[in-house]
Amino acid sequence: MALSRIWSAFIIIAIVAASFTCLFSGTGNDIYSRMVVGKAGDTTHTKQVDSATLSPKVAAALIVSKEYKDGDIEYVKTADNKIITFSVQSADGVLSTCKNAVDICIGLIGVMALFMGFMAIADKAGGIRFLSKIIGPFFSKLFPDVPKDHPAFGHMMLNFSANLLGLDNAATPFGIKAMESLQEINPDKETASNAQIMFLCLHASGLTLIPVSIIATRAKLGAANPTDIFIPCMIATFVATIAAMLIVSYKQKIKVFQPIILAWVLGLSSLIALLVIYVNRLSHDSMDSFSGMLSNGIILLIFLLIILGGLYKKIDIFDAFVEGAKGGFETAVKIIPYLVGMLVAISMLRTSGIFDIIINGTTHLFAAIGFDTRFVQGIPTALIKPLSGSGARGMMIDTMKASGPDSFAGRLSCILQGSSDTTFYVVAVYFGAVSIKNTRYSIGAMLLADLVGIVTAIGLCYLFFGSAV
């Protein structure tokens, strides 16, 4: 049971690391409290320091601004030129995380009910099967265990499309419905099937056309050209998706070099390339407008087509919607235990200080062998992204604030943020929705695809922005 081992390892490693910090660090006496009852944003170890003891980097930053953040340590220059330092907790402790996990699920109820209600209409009207027939020739090669024209193909297509457009709220209900459809033909209800693993690995690779939220954040923080990370992000996430497909195909002995698979992949690649060329010519404001119109317009078009299809088939549309919406409510409640368990383990890992140990060790290792260590400043985003999307976003913002949005580290953190999805959140929600206990090799495959995306992102950052400081 890979998920059980990983979950247990997270908790054991976190407690051991925290105990080590508590025993051997002069500032670790409150670490257990931070891990259990602490909240993100809490400040600790507040003290006044002599400006003469500051590093040149911190001293120079405080000349320009009254505040400077270096990792979890913040420096503040008061009105009378005194320097105050304090630590800021980056993640919630166990108790707050439990509450947040339930809040997430409650927040999902409305979205799940809405989209699953519309999917129930589409299913009764025959729309899902129609979509399955269109995508069937391609998906039947990647999912050989799924019967021809099975509704799961249509659900997976909707999920991938929503992901592609950056519609996370829509992607989750579509994806859960796809997992439920695949579970119906799964012979072992507690073990992930080949089709479920392939679907989830492709989903977790996080292929997105336009990283709107990242571009908006860069603009807000004063980047000279907020959209300059668009092409590297697009390439990195596409490479991660292809890597996920190849890794799972190798494991499942699927021949990917078939004419139909190659035609679809090359066709999608060409379409993405054309969109990249078009979008890259737009200004930031025009890109934001185009993205919103494209993504939200497609959602409204789907709703319209579903309603028209239901009217054409003369089904009881509202009754079908209510029936499907009930299923969305039940699913959102069902995943609460899985999400609480996973997020608590991740919280303990983040608050234990283990990331600082890894980052410092990585810096010293690459410095010792004479390698450029600028990429290490972006590693926190890469480490946290598989665990927490909001945590990685916060780390990306902190990196840009500390180093500048146009710095090498700032740009790298943005590319890393856009190169993959939150693997462990995806595992908890999607497998939890269908009560899968044995995830087999899915987590390993997802993390390997994430690693490909990370390495690609670092290489692209050096290629596009290697001259940046």
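Put simply, the side chain of Leu200 reaches to within 4.5 Å of the side chain of Phe431, judged on heavy atoms. Side-chain contact between Arg393 and Thr217 is present, with heavy atoms from C-beta onward closer than 4.5 Å. Taking the side chain as every heavy atom from C-beta outward, Ile458 and Ile454 approach each other to under 4.5 Å. Side-chain contact between Thr422 and Lys385 is present, with at least one heavy-atom pair separated by less than 4.5 Å. Residues Leu304 and Leu300 fail the side-chain proximity criterion, which asks for heavy atoms closer than 4.5 Å. The closest side-chain heavy-atom distance from Ile6 to Val427 is not below 4.5 Å. Looking at Ile128 and Phe153, their side chains never come closer than 4.5 Å, going by heavy atoms from C-beta outward. Side-chain contact between Ser249 and Met198 is present, with heavy atoms from C-beta onward closer than 4.5 Å.
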Review item, side-chain donor-acceptor pairs of residues 342-349, under 3.5 Å, at least two apart:
unit_1, atom_1, unit_2, atom_2, d
Ser347, OG, Asp92, O, 2.5
Ser347, OG, Thr97, OG1, 3.2

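The two residues Gly432 and Lys334 come nearest to each other via the heavy atoms O-CE, 4.1 Å. The two atoms that bring Ile415 and Ala457 nearest to each other are CG2-CB, 3.5 Å, heavy atoms only. Looking at every heavy atom in both residues, Ala204 comes nearest to Val426 through CB-CG1, 4.5 Å. For the pair Met179 and Gln196, the tightest heavy-atom approach, listed with the atom from each and the gap, is O-NE2, 3.5 Å. Shown here for Ser407 and Gly404, the closest heavy-atom pair between the two residues is OG-O, 2.6 Å. Taking every heavy atom of both residues into account, Thr237 and Ser205 meet most closely at OG1-O, 3.6 Å.
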(request) Any chance you could lay out the side-chain contact (heavy atoms from CB on, under 4.5 Å) test for His155 and Asn159, step after step, and finish with the verdict? (result) CA-CA 6 Å; His155 297 141; Asn159 171 262; over 6 Å; no

(request) Before giving the answer on side-chain contact (heavy atoms from CB on, under 4.5 Å), spell out for Leu114 and Phe321 the whole-Å C-alpha distance, their side-chain angles and the decisive distance to 0.1 Å. (result) CA-CA 8 Å; Leu114 172 67; Phe321 174 84; 4.3 Å; yes

(request) Step by step, work out the side-chain contact (heavy atoms from CB on, under 4.5 Å) result for Tyr32 and Ser19. (result) CA-CA 8 Å; Tyr32 294 145; Ser19 300; 2.9 Å; yes

(request) Decide side-chain contact (heavy atoms from CB on, under 4.5 Å) for Leu301 and Leu305; before the verdict, give the C-alpha distance in whole Å, the side-chain angles of both, and the deciding distance to 0.1 Å. (result) CA-CA 6 Å; Leu301 177 63; Leu305 293 176; 4.1 Å; yes

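Partners of Ser352 according to the side chain to side chain contact (heavy atoms under 4.5 Å, CB included) rule, which considers only residues two or more places apart in sequence or in another chain, are Ala14, Ala17, Ala18, Met35, Ile354. For Arg218, the side-chain hydrogen bond (donor to acceptor under 3.5 Å, both in side chains) criterion is met by Asp228, Asp406, not counting sequence neighbours. Taking Thr399 as the reference, nothing meets the side-chain hydrogen bond (donor to acceptor under 3.5 Å, both in side chains) condition, with sequence neighbours excluded. In this structure, the side chain to side chain contact (heavy atoms under 4.5 Å, CB included) partners of Val452, at least two apart in sequence or on a different chain, are Val239, Ala243, Thr456. Ile197 pairs by the side chain to side chain contact (heavy atoms under 4.5 Å, CB included) definition with Ala192, Cys201, Val248, Gln252, Arg440, Tyr441, Ser442, not counting sequence neighbours.
Annotation for Met245: atom CE counts as buried by contact number, over 12 foreign heavy atoms lying within 6.0 Å.
Between Leu448 atom CG and Ile247 atom CD1 the span is 3.5 Å, to the nearest 0.5 Å. Taking OG1 from Thr172 and CE from Met116, the interatomic distance works out to 9.5 Å, rounded to the nearest 0.5 Å. For the atom pair Ser269 OG and Phe238 CZ, the distance stands at 3.0 Å (nearest 0.5 Å). Annotation: the span from Ile31 atom CD1 to Thr351 atom OG1 amounts to 7.0 Å, rounded to 0.5 Å. The OG atom of Ser8 sits 10.5 Å away from the CD1 atom of Ile13 when rounded to the nearest 0.5 Å. Taking SG of Cys414 as the reference point, atom CG of Leu221 lies at 8.5 Å (rounded to 0.5 Å).
No option in Phe464, Phe465, Tyr462 other than Tyr462 meets the ring-ring contact (aromatic ring centres under 6.0 Å, His included) test with Phe408.
Phe303 and Phe115 have tilted rings, their planes meeting at an angle from 30° to 60° on a 0 to 90° scale.
Under the 6.0 Å cut-off for aromatic ring centres, Phe160 and Phe199 qualify, their centroids lying closer than that.
Proximity of a side-chain donor or acceptor of Ser413 to a complementary backbone N or O of Gly410 within less than 3.5 Å is detected.
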